[in-house]
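Reviewing the structure listed below.
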Amino acid sequence: MPMEKTFNAAEAEQRLYDAWEKSGAFRAGANASRAETFCIMIPPPNVTGSLHMGHAFNNTLQDILVRWHRMRGFDTLWQPGQDHAGIATQMVVERELAKTNRRRTDMSRDDFTALVWEQKQKSGNTIIDQLKRLGASCDWSRNAFTMSGAPNAPKGEEGNFHDAVIKVFVEMYDKGLIYRGKRLVNWDPHFETAISDLEVEQIEVQGQMWHFKYPLEDGQTYEYVEKDEEGRVTFRETRDYISIATTRPETMLGDGAVAVHPSDERYAPIVGKLCEIPVGPKEHRRLIPIITDEYPDPTFGSGAVKITGAHDFNDYAVAKRSNIPCYRLMDTRAHMRADGAPYAEAAATAMAVAKGEKTLTEAEVDAVNLVPDDLRGLDRYEARKRVIAQINAEGLAVTVLTKSIDKETGAEHLERIPLVEQNKMMQPHGDRSKVVIEPMLTDQWFVDTAKIVEPALDAVRKGMAAQEAGTFDEKAGYTRILPERDAKTYFHWLENIEPWCISRQLWWGHQIPVWYGLGIHPIVFVDDEADGALDEVEMFRLLREGAFDGQDPATYCAASFAAAADRARDDLAALPTPLHAARVVEVADKHEAMAAFTAALGEYEVTQDPTRLIYPVWRDPGVLDTWFSSGLWPIGTLGWPEDTPELKKYFPTDVLVTGFDIIFFWVARMMMMQLAVVDQVPFHTVYVHALVRDEKGRKMSKSLGNVIDPLDLIDEFGADALRFTLTAMAAMGRDLKLSKDRIAGYRNFTTKLWNATRFAEMNAALPRDTGGARPEPSHTVNRWIIGETARARLSVDEALTAYRFNDAANTLYAFVWGKVCDWYVEFAKPLMDGDQAGETRATMAWVLDQCCTLLHPFMPFITEELWGQTGTRSKMLVHADWPAYGADLIDADADREMNWVIALIEEIRSARMQMHVPAGLKLPVVMTAMDDRGRAAWARNEPMIARLARLDGMTEGAAPKGSITVAVEGGNFAIPLEGVIDIAEEKARLSKALEKLDKDMNGLRGRLSNPKFVDSAPEEVVEETREKLALGEEEAAKLKAALARLAEVG
RNA sequence: GGGCGCGUAGCUCAGCGGUAGAGCACUACGUUGACAUCGUAGUGGCCACAGGUUCGAUCCCUGUCGCGCCCA
């Protein structure tokens, strides 16, 4: 059955992919013929995600590397998998719930996570199927998931990724690399969770800045003086207040101080005094100190800054430096707190602290709710409005004189209105929720990144140094980042790294393996009588002081409750009898713990039975940041902590292919964590690629509506065309602007290859006709194209070795289209029925097979299809051997001859075109002069030249009158165009050529006549320049001669 | 404010010490026995600007002017 006219991608792709999978072609180690391994970890897409252009690009590059290595016989593994993507996935499920007016909190945690698992199983295969459509040759039998093996995972989700994550947490905790602390974190009020710095987006919004007066204590006054640069007084008044500018008036309630710069003379007289926060019930106004700190900018606003340590990152730093208390004002939804003692009591406590009469523990400070009773429970923005209104009403806003016109009377009058500046400002937003982030003082878990960052920096420093020196060694235990610029980004971030907040207040994720217990400390609690029993006094003390409020709970970090209970028992052992033998039981939270403990003491009191005593512990409800688990992707997917054969064989992996947007999120953390856990780099090379943008260079985003779905492109052009386009545009570093025209162009390339094969089929020049082995032909044309093929192979390998994907693609494009199709197929046509027909058929069959082989990593579908259709094969192309031939196949003489032939044809075609010779008209040619080499070349290739240049018969002799001249290396041809030729036009053509040549010659002469050039430039450059000049002069002479002849005629 | 980068043909971009390339677009011609998803031939560039290093600079260095992105 003859071949179709074009490749039917839509029909073939699914069939071919199924065939690959069925034969296990992508299994780890498939087609391995040598010991070396090659392993790539896929950057795990979100489990609820779908394929976007970035994935298509990213995975195309990985697939090229993987297929290339597999064909070369490496023991290859491309490890696929998905990420559980905490917030993103939980959001998807919560949105589903919202459709039926339900909330996560309406159900139990277990019920909710069961729903998420359902969602995972429903949508988890979507992206896998999409990657398959792209042709990704992952070993799907090893598909991994970052939540596999979690305690409530349903059937089919077994695995040990969860165990690995938990094990790492516990080990890092034990080594002191993870700690818990009350810190100011980015709090997302929508998801009610902390998020990391990286998950915060700064968005510019129109902001307002209010100016308020903080009166000095007891009506004190001071001389407020402003001076200009020369020290001359420009303003002076007596003030009884200090003026503060703020964009967040509601946080005034939690102010702990007012700060000014130590060099700010305006406020020097009042530093150390107290001032009053101008909001809240008059009788309980709080006083706060005026302090100095480097942070306030004297030139900005009034130069004085209110310090609200619990709700602003800069203020928090100031508060820490000066030991100012940080009063938390809001709850997890960013509503004003409604808990704790009434305002009057809280304000009194805060006053005592401000006056230095009292100091509080962190936990005690957190218990103080300084929100006035009338504002409690309000949304933060509603509270803001009320605070502003109250201050304005009291006349404590800074005001400006404004002119206004009475509408009715038309009378002008001046009035004072509160000063509110309108300013653009950057405001933090949650990258998932899009709500304004509230800095919030909460207990969170942190990785002490400073302690693990050094090895990660060191490994890349060494890798980059080796890369630079040209001594890079994949096995040396260091890592390079390509391109170099991204290494700079990596260094910059890691050198300035902040502690990494890893706890999230979500339900979907790895629950933190920490249990808390009531802090019953042996020093705090002693058995007074040492009688081994608890009396009422002791029990009362236990309940009263043993711990609980305002005391840090005991912490037991362990992989399971049983293990945590063991640790708890170690603590209990230090307690007096009978408490030391209390049973450790798990409860839901601290409240339950208190209740259970109290109840148990009650039972004990009645029964005096020590076995009734219990020690309740409760688990931290938080989960781990998704990136904590994906940070373990390299070892986790290979089965760590078990010592699996895959781990031994494939780790450290080879290359990580990723976009620059997750260098911080993921690459840096994988480096740190692998080094911290197994003390090895996870991969030797990180290849960082650009982002795919639309044709205008804009990021593709749903809101812009410029998203191109890769699947649509695959439907329209075929996966091969899309892949080849992305590859050809993958120059390191830059944005990749994708346009449909470009894809269509590469789709045409696939058609070109298809049709070249069709030609071969029609001429019985396929492997199935010829056997397919590499021939050793005699004809120059055949020897030449074999050499060109070898050149292409060398250059593709060189490009891929250097991760220059675009160079590889462009090399193949130029070879297949520019050499094979444009020239070789045309040259072969006249040879198909002569003496060399046999070797030409064999050569063509071999060359086209090589095209398919070399193109396979880039365009797997069409090449596999052609491979299958053109011969009987022992294995599929996916496992065919990558060629090893090289420079030995390049025949310099054949090369030179064919270049001469091509140049001659091009010259003649060009001349004909400019002379407006009808394309179909065949012309005679006269050889007017020729050296031996040229004659031999002509003799061997005449049929081809005649066909391609549309010539008819060659004679030797002088150039006839009215002919055009064609100069080639070694001689001249003349083409008689009596009656056709336009002499003026031919003159113009020759003059133009001569002019261009002259320009070049002049440059060359100039250089050669400069003695400094001859002395300083390398020998071969000088020699090359001389040769060029000689050749140019030879050609110029011919052109001049031709012009002279024309002058005689015309 | 700090960091990273980019200004090369109409467009999108390669090249990054030896005198400029590709694809697309454009123009003209063309039903040559694989392909019109094609062929042939062409048009098109002070390589942002100004200095410096060098025998030689689009390429290295410095500055200026535009334009991005990341982090504050």
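Excluded from the calculations below are hydrogen atoms, water molecules and symmetry mates; all remaining heavy atoms, backbone and side chain alike, are included. It should be emphasised that the depicted structure is a prediction, and the values quoted were computed from it without experimental measurement.
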Work out how far the [atom1] atom of [N] is from that of [M], and round it to whole angstrom.
| N | M | atom1 | value |
| --- | --- | --- | --- |
| B:U27 | B:C67 | P | 33 Å |
| B:G17 | B:U12 | C1' | 27 Å |
| B:C60 | B:C6 | P | 9 Å |

Set of side chain to side chain donor-acceptor pair (under 3.5 Å) partners for [X], sequence neighbours left out:
| X | value |
| --- | --- |
| A:E716 | A:K740 |
| A:E294 | A:H261 |
| A:E1035 | none |
| A:K752 | none |

Between [atom2] on [N] and [atom1] on [X], what's the gap in Å once rounded to a whole number?
| X | N | atom1 | atom2 | answer |
| --- | --- | --- | --- | --- |
| A:H492 | B:A72 | NE2 | C1' | 10 Å |
| A:E495 | B:C70 | CD | P | 21 Å |
| A:F717 | B:C24 | CZ | C1' | 13 Å |
| A:R912 | B:A41 | CZ | P | 12 Å |
| A:F805 | B:C13 | CZ | P | 20 Å |
| A:E484 | B:G5 | CD | P | 8 Å |
| A:N806 | B:A14 | CG | C1' | 7 Å |
| A:D807 | B:G23 | CG | P | 15 Å |

- Task: Return no unless some side-chain N or O of A:W493 is found under 4.0 Å from OP1 or OP2 of B:A72.
- Result: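 For A:W493, the contact criterion (side-chain N or O under 4.0 Å from OP1 or OP2 of B:A72) is not met.
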- Distance test, side-chain N/O of A:N748 to OP1/OP2 of B:C38, below 4.0 Å: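 Yes.
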For a quick test of your reading: what N or O donor-acceptor pairs under 3.5 Å do the side chains of residues 819-831 of chain A make, sequence neighbours left out?
unit_1 : atom_1 : unit_2 : atom_2 : d
A:Y824 : OH     : A:N782 : OD1    : 2.6
A:E826 : OE1    : A:K829 : NZ     : 3.3
A:E826 : OE2    : A:K829 : NZ     : 3.1

- Task: Would you check if there is a donor-acceptor pair between the side chains of A:S910 and A:E906 at a distance under 3.5 Å?
- Result: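 Side-chain D/A pair, A:E906 to A:S910: absent.
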- Can you name the ring pair (Phe, Tyr, Trp, His ring centres under 6.0 Å) partners of A:W846, sequence neighbours left out?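 Ring pair (Phe, Tyr, Trp, His ring centres under 6.0 Å) list for A:W846, sorted by chain: A:Y885.
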- Message: Between A:Y746 and A:Y813, is the ring centroid distance below 6.0 Å?
- Response: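 Yes, ring centres under 6.0 Å apart.
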- Message: Which residues pass the side-chain contact (heavy atoms from CB on, under 4.5 Å) test with A:N314, not counting sequence neighbours?
- Response: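 Testing A:N314 for side-chain contact (heavy atoms from CB on, under 4.5 Å), a comparison that skips the adjacent residues, returns A:Y295, A:D312.
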- By side-chain contact (heavy atoms from CB on, under 4.5 Å) - contacts of A:M913 (at least two apart):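 Partners of A:M913 by the side-chain contact (heavy atoms from CB on, under 4.5 Å) criterion come out as none, since no residue qualifies.
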- Item | Involving RNA chain B, stems made of at least three consecutive Watson-Crick or G-U pairs, both distances under 3.5 Å |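 Runs of three or more consecutive pairs: B:1-7 with B:65-71, B:10-13 with B:21-24, B:26-30 with B:38-42, B:48-52 with B:60-64.
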- Map A:Y746 and A:E1024 onto RNA chain B by nearest heavy atom, then report which one ends up closer to the 5' terminus.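 Taking each residue's closest nucleotide, the earlier one in sequence belongs to A:E1024.
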- Query: For RNA chain B, whose closest nucleotide is more 5', that of A:W817 or that of A:Q914?
  - Reply: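 Nearest nucleotide further toward 5': that of A:W817.
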Would you classify [X] as touching base, sugar-phosphate or nothing, given that sugar-phosphate means primed atoms plus P, OP1 and OP2, and contacts are heavy atoms under 4.0 Å?
| X | value |
| --- | --- |
| A:K1028 | sugar-phosphate |
| A:S910 | sugar-phosphate |
| A:R747 | base |

- Message: Just confirming the chi classification of B:C35, syn or anti, using 90° around 0 as the syn window.
- Response: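 Anti conformation here, the glycosidic angle of B:C35 being more than 90° from 0.
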- Message: One character per nucleotide, please: for nucleotides 52-61 of chain B, 5' to 3', B when the base has a protein heavy atom closer than 4.0 Å, S when only the sugar-phosphate does, - otherwise.
- Response: ---B------
- Reading nucleotides 25-35 of chain B from the 5' end, what letters show protein touch, with B for base, S for backbone sugar-phosphate only, - for no heavy atom under 4.0 Å? -------BBBB
- Message: Testing the basics here: between A:R768 and A:G871, what is the closest heavy-atom pair and its distance to 0.1 Å?
- Response: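 Reported closest heavy-atom pair: CB-CA, 3.7 Å.
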Could you pull out every donor-acceptor pair under 3.5 Å between side chains of residues 1015-1022 of chain A and any protein atom, sequence neighbours left out?
unit_1  : atom_1 : unit_2  : atom_2 : d
A:S1016 : OG     : A:K1012 : O      : 2.5

- Task: Take the angle between the ring planes of A:Y687 and A:Y803 and call it parallel below 30°, perpendicular above 60°, tilted in between.
- Result: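 Geometry flag for A:Y803 against A:Y687: parallel rings.
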